[in-house]
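The next block holds one structure in the form of structure tokens; read it before the comments.
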Amino acid sequence: MAQSEVKSILIAGVGGQGTVLTARVLSRLLLQRGYDIKVSEIHGMSQRGGSVVTQVRYGDKVHSPIIAPKSADHIIGFELLEGVRALPYLKEGGTIIVNEQRIKPMPVVIGKAPYPDDLEDFLRHCGAQAKLFDAHLLAMKAGNAKCLNMVMLGAWAKNAGLELEEEECLSTVAANVPPKFLEVNIDGFKRGYHAF
Amino acid sequence: MKQLMTGNEAIALGAWEAGVNVVAAYPGTPSTEITENAAKYDELYAEWAPNEKVALEVAIGAAISGGRAMACMKHVGVNVAMDPLMTVAFSGTEGGLVLVTADDPGMHSSQNEQDNRRLGRFAKIPVLEPADAEECRDFVKAAFVISETLDTPVMLRLTTRVAHSQSLVEKGERINRELPPYRKDPQKYVMVPANAKPRHTVAEERLLKLKTYSDETELNRIEKNSETIGVICSGIVYAYVKEALPDASVLKIGLSNPLPEQLIRTFAASVETLYVIEELDDVMEEQVRAMGIKTHGKDIFSLEGEVFPEIIREKLCGEKTVPAYRYDKELVVRPPVLCAGCPHRGTFHVLKQAKVNVLGDIGCYTLGALPPLSAIDTTICMGAGIGMALGMEKVRGKDFAKQTVAVIGDSTFLHSGITGLIDAVYNKGCTTTIILDNHITAMTGHQQNPLTGFTVKGEPAGKLHLETIVKGLGIDRVSVVDPFDLKTFAAVLKEELATEEPSVIIARRPCELLLKGAREACYIDSERCLRCGKCLKIGCPAIEKTGVGKPPVIKSELCVGCGLCERVCGNDGVITKVGE
């Protein structure tokens, strides 16, 4: 069906986690490699702490900005539940990189629904290439929980199968984050890059 | 070098390249970023108008005076702008006039999912539908050429996926367009019946010319491939069809009103099975059928939501995707919430405690409808709550009105709440209206408005005074409260509900996201906590239940220290600031 060269990356997280900036830097990295790129993200209501998904597709020629189920090469899950929610989009044998941090959605916060306690186990044994790590902790170590998005980007870059060198990535990161937070973002990226 | 940009950025670029003079809009997802990006070009005048009707009128004035002008809005915004649209469709303009409508199939951020291609047809104006960012730029330029060649406003219809998806665009040059001298032409622009009748004739003749143009223009093209399947499609669906059916022949429609009849006939005759695939309504399909051509369309596709590549594969090829990996149990949903520190949380807490009926409106505060606040009875459209409160009062009487409030945001009030309030004064209602003044148009991502004192370009602007406006409408009872001062708010609410005249309470506190300085987080003293659960009922994302009979905890990384939970708790010393 789809042109075989087209690769798809699905970024799933919680509104406010910075998935949009990750997609921005990630797509600039791909752009430097000369790919045709399409990115799809939804702004608006969902940004207020709801589930958010950004989709990046690249190849020689990309038509649809939307990733069909079972066709993502990579899923970058910024939060455990959101990573698992996106899993049906993963291609057979695809890689899912997940921050194992739990952010409780409102129905859980007010005690109306449980946050499943078996998600890590499920991910480890579902058959997909699952890479779980505490990216939140790494972001805190880098000096600011908000650089989680760069930690996740770093983890993806190392595992993207594109031979993305750390230095190449860092200059693209530097060109796309506010100068005020440059150091912490660079540190966050490095920690993610060397996580696996 | 090609740049990655959203459809919305590309629309702004197209306007700049087309030599546009004026862009006017009211914010509305998914259209907002068009005007934000247009404002970045020095050569363009861009503005936030108080509503879409005014935005279109500003654009019409600019175009009748000889400039090129564009008005941008979300799909429901066009409903507000329909009045000027339907008549400028008769008069035409001197300079080009383009109306951008951003529809929202799937309702990512909207109260309905109407198909505005029908409104373009209704107004008898051309409708263009770009499929990606590059086409967004190109179609804006094409739209101005059509507008000026045929003296017609042009509708450019986006959908959320076109507006918010990014693809590569090569930036071009801005054309140098000389402003023609102002020309008075009352027979063309004074739409009294004697003048409007001949203009209707002109509009009908124009539509005939457009039909011929539709068959000739490169905006509509056949991509010949296998003869087995032929698909007619437009906008983002074209991208989906190319993805899902690489071997199919495609008639790509760029100008969807009027449709290219001859091209459709030629295309239909060249394929064995014809499909019209479109999101939402069967706008193209019913016209194709009316030509006497047999086609599939809504007999297999839905009239609701979006059409994705996998849906096309499933419907046409019988392929159903079975996920390779899936968590079998149900996953708890994650609905959007009011931000930690949001001033609306205080308002909805007070309203819930008062057990009143709440007629809501459109904005961040619509989220007050969700659990655990669950504090809103109705949300219909921008500005609706105030008029609805009066309607309820006329049916159910003053005692009901004394238990009912209309809640509306500051920007929404200026958009179309003012007229509702005028009605309440004029027709002797006793509605209590609460205006949530958070100093910004928040939901769409912090746009300026007539109350903020700044333009879309961030320059100082005329600044309206809310209390003066309300008093000027004839409301004598106007109070201003801090929504986090729960006791005062509750007392004022009680008093205003009891009075038999219309009153306004302005709940004033800036949007939390405007406050830059970080305050210290709150924490719960777990030993002194009574486990009453009151703090959990305000729906703050920073407060978490930890288990049955256990004290909740406040997540310090999410808490902004607004102190609302401390006030709701009411037990001295249980919830305090970390530093205290």
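Reminder, nothing fancy here: chain letters follow the sequence lines and each chain counts from 1.
- Within residues 70-85 of chain A, the residues having any heavy atom closer than 4.5 Å to a heavy atom of chain B are A:Lys70, A:Glu79, A:Leu81, A:Glu82, A:Val84, A:Arg85, listed by residue number.
- Judged purely by atom type and a 3.5 angstrom limit, A:Asp187 has no side-chain atom pairing as donor or acceptor with the backbone of A:Glu183.
- In this structure, the portion of B:Phe308 lying under 4.5 Å from any heavy atom of chain A is its side chain and not its backbone.
- Contacts between B:Glu33 and chain A at a heavy-atom distance below 4.5 Å involve the side chain alone, from C-beta outward.
- Contacts between B:Asp328 and chain A at a heavy-atom distance below 4.5 Å are absent for every atom of the residue.
- Between the side chain of B:Glu113 and the backbone N or O of B:Gly106 there is at least one donor-acceptor pair closer than 3.5 Å.
- Residues of residues 120-154 of chain A placed with any heavy atom under 4.5 Å of a heavy atom in chain B are listed by number as A:Phe122, A:Cys126, A:Gly127, A:Ala128, A:His136.
- The only member of B:Ile34, B:Leu4, B:Val169, B:Asn37 that meets side chain to side chain contact (heavy atoms under 4.5 Å, CB included) when paired with B:Glu9 is B:Asn37.
- With a 4.5 Å cut-off on non-hydrogen atoms, A:Ile96 does not touch chain B at all.
- Under a 4.0 Å N-O distance rule, the pair B:Glu306/B:Arg161 qualifies as a salt bridge.
- Counting only distance, with no hydrogens or angles, the side chain of B:Arg345 and the backbone of B:Ile538 share a donor-acceptor pair below 3.5 Å.
- The ring-ring contact (aromatic ring centres under 6.0 Å, His included) search around A:Phe189 returns A:Tyr193, not counting sequence neighbours.
- A:Arg28 touches chain B through its side chain: at least one heavy atom from C-beta onward sits under 4.5 Å away, while N, CA, C and O do not.
- Heavy atoms of A:Leu31 lying under 4.5 Å from chain B belong exclusively to its side chain.
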task: Please report the C-alpha distance between A:Glu166 and A:Lys158 in whole Å, then the side-chain angles of each, then the deciding distance to 0.1 Å, and finally whether the salt bridge (Lys or Arg N to Asp or Glu O under 4.0 Å) criterion is met.
output: CA-CA 8 Å; A:Glu166 192 174 7; A:Lys158 181 74 169 291; over 6 Å; no
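- A salt bridge links B:Lys329 with A:Asp118: the closest approach of a Lys/Arg side-chain nitrogen to an acidic carboxylate oxygen falls below 4.0 angstrom.
- Sequence neighbours left out, the pairs with a member in residues 531-555 of chain B that pass salt bridge (charged side-chain N to carboxylate O under 4.0 Å, His left out) are A:Lys104-B:Glu544, B:Glu544-B:Lys555.
- Checked for salt-bridge contact, A:Glu168 and A:Arg33 meet the test: a charged N lies under 4.0 Å from a carboxylate O.
- One N or O on the side chain of B:Lys74 and one on the backbone of B:Ser109 form a donor-acceptor pair closer than 3.5 Å.
- Counting only N and O atoms by type, the side chains of B:Tyr240 and B:Glu279 include no donor and acceptor under 3.5 Å apart.
- With a threshold of 4.5 angstrom between heavy atoms, A:Tyr35 approaches chain B through N, CA, C or O but not through any side-chain atom.
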